[in-house]
Amino acid sequence: MDVLSDVLRTIRLEGALFLNGDMYAPWCFKVPKGRDIAQLLRPGANRLAICHLVLQGECWAQVDGGEPIRAHAGEVIAALHGDSHVLGSGLHHAAVDMSHVVSPRAPELERVRYGGEGDRTLLVCSWFAYEGDAPNPVMANIPRLFTTQLRSRPAGPWIEQSVNFVLGDAASRSPGSEMVAAKVAEVLFAEVLRGYIESAPANNPGWLAGLRDPHVSRCLALMHAEPARNWTVDELAQETHTSRSVLADRFTELVGAPPMHYLARWRMILAAGMLRRDQCNLARIAEGVGYESEAAFNRAFKREYGVSPGAWRHNGA
């Protein structure tokens with residue numbers, strides 16, 4: 001089981017490229033909060049992540065109240081929680097609203113020239129709408145704004161070539177170009193996450209850190225492969241070739257919850273997704289996430305989300 005892919009499937013990620021920028025210093029614009037434009041881009045989504053791939057030159061970015069960060073060619077600036085942020089050749093310039101440059105709702109993949117007559121930066125921006133009504137372990141420990149190196153990663157050159165192909169394909173208005181651009185954008189998102197996981201400090205706790213630990217990642221893979229199975233810590237320890245106490249302590253240290261607590265929470269995340277997408281009855285959903293009775297499932301769901309499964313389904317609809 002590929003745990004990261006499994007978790008990403010639950011948030012129904014959908015992405016698109018929206019700006020092919022040919023920027024000349026001085027330039028500076030403000031990206032609005034993701035939740036303010038998520039519904040415009042994809043009905044049903046309530047979260048929006050933004051990524052900026054620097055193909056040439058450099059630029060700066062800063063979220064409100066955060067430290068400025070600098071990105072060079074081959075790096076990606078990521079605001080995965082959808083925080084409003086400023087992007088520019090320098091942050092001392094007055095920031096214009098992003099609508100002065102491009103509208104994400106009407107993406108402009110033909111190259112747009114913007115700014116003054118100074119140093120050149122080639123910038124490709126993308127948005128990623130996802131459902132965030134249920135908590136998701138991927139996003140829990142990711143900073144508001146960060147950079148990750150793309151060009152030096154094994155898939156980096158291929159992704160950059162794919163982005164350049166998509167931009168040329170969109171300019172020629174070939175049939176299907178929007179779909180191809182969307183898939184390339186989603187690949188970029190996944191690679192940004194993988195780059196963050198691999199470059200994060202070893203002592204940085206969180207679910208993503210658990211993916212780098214051989215025993216914890218194996219334990220996560222087992223639970224995600226069979227979430228309805230009546231797992232015990234003893235069984236998981238046996239499968240991961242470690243002792244019960246070592247697994248429990250290491251898992252809790254990195255993930256932030258004991259294995260059985262994590263499994264219970266993941267079952268509820270899966271159940272929330274089924275309630276949102278499927279019309280099957282509650283008994284079948286309960287069985288699908290490992291509960292023998294509908295009553296036990298109802299109690300567990302209300303304990304996690306504060307409302308009954310029926311109310312969740314009704315409100316979501």
Side-chain angles (χ1 to χ4, degrees), residues 8 11-21 23 27-55 58-72 74-89 91 95-109 112 114 121-132 136 138-150 159-160 163 166-167 170 178 181-196:
L8 289 178
I11 63 176
R12 300 180 69 189
L13 179 74
E14 181 180 327
L17 305 179
F18 70 85
L19 173 62
N20 176 14
M23 321 298 281
W27 60 274
C28 190
F29 63 87
K30 189 175 183 67
V31 180
K33 292 180 180 178
R35 67 171 179 264
D36 293 341
I37 55 176
Q39 283 291 326
L40 295 175
L41 298 173
R42 199 193 78 179
N46 52 17
R47 296 287 188 274
L48 192 79
I50 301 284
C51 289
H52 310 285
L53 169 60
V54 182
L55 293 175
E58 63 179 36
C59 64
W60 291 82
Q62 185 177 24
V63 295
D64 295 339
E67 293 294 322
I69 62 173
R70 188 180 191 180
H72 300 88
E75 294 183 320
V76 178
I77 298 170
L80 300 192
H81 297 286
D83 289 272
S84 175
H85 56 282
V86 174
L87 192 73
S89 56
L91 301 178
V96 301
D97 188 86
M98 186 173 67
S99 61
H100 288 272
V101 184
V102 69
S103 168
R105 194 173 184 179
E108 183 55 76
L109 296 188
V112 173
Y114 184 80
T121 299
L122 294 182
L123 190 70
V124 176
C125 302
S126 51
W127 60 257
F128 307 91
Y130 62 95
E131 294 170 351
N136 188 282
V138 170
M139 302 299 183
N141 297 103
I142 289 182
R144 297 168 64 200
L145 189 72
F146 67 91
T147 62
T148 187
Q149 176 60 243
L150 178 70
I159 292 175
E160 283 199 40
V163 168
V166 162
L167 297 177
E178 287 187 13
K183 296 306 178 185
V184 170
E186 290 164 20
V187 171
L188 174 63
F189 182 90
E191 195 65 16
V192 166
L193 276 180
R194 297 205 299 184
Y196 176 78

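Here the side chains of Val54 and His72 are not in contact, with every heavy-atom distance at 4.5 Å or above. Side-chain contact between Leu193 and Leu8 is present, with at least one heavy-atom pair separated by less than 4.5 Å.
Remark: Phe128 CZ to Phe189 CZ distance equals 6.5 Å, nearest 0.5 Å. Summarising the geometry, atom CG belonging to Leu87 is positioned 5.5 Å from atom CG belonging to Leu123; distances are rounded to the nearest 0.5 Å. Here Cys28 contributes atom SG and Leu91 contributes atom CG; the two are 6.0 Å apart, rounded to the nearest 0.5 Å. Once rounded to the nearest 0.5 Å, the distance linking CG of Leu188 with SG of Cys51 reads 5.5 Å. To the nearest 0.5 Å, the span separating CD1 on Ile50 from CG on Leu80 amounts to 10.0 Å.
Within the 3.5 Å criterion, the main-chain N or O of Glu58 finds a donor-acceptor partner in the side chain of Thr121.
For Ser84, the side-chain contact (heavy atoms from CB on, under 4.5 Å) partners two or more places apart in sequence, or in a different chain, are Lys30, Lys33, Asp64. Applying the salt bridge (Lys or Arg N to Asp or Glu O under 4.0 Å) criterion to Glu191, with sequence neighbours excluded, gives Arg153, Arg194. Scored by the salt bridge (Lys or Arg N to Asp or Glu O under 4.0 Å) test, Glu178 finds no partners at all (sequence neighbours excluded). Partners of Ser89 by side-chain contact (heavy atoms from CB on, under 4.5 Å), not counting sequence neighbours, listed by chain and number: Ala25, Pro26, Trp27, His93. In this view, Lys183 and Glu186 satisfy the side-chain contact (heavy atoms from CB on, under 4.5 Å) rule, not counting sequence neighbours. Residues meeting the side-chain hydrogen bond (donor to acceptor under 3.5 Å, both in side chains) test with His52, sequence neighbours left out: His85.
When the options Ile159, Thr147, Leu53 are evaluated for a side-chain contact (heavy atoms from CB on, under 4.5 Å) with Val76, the one that passes is Leu53.
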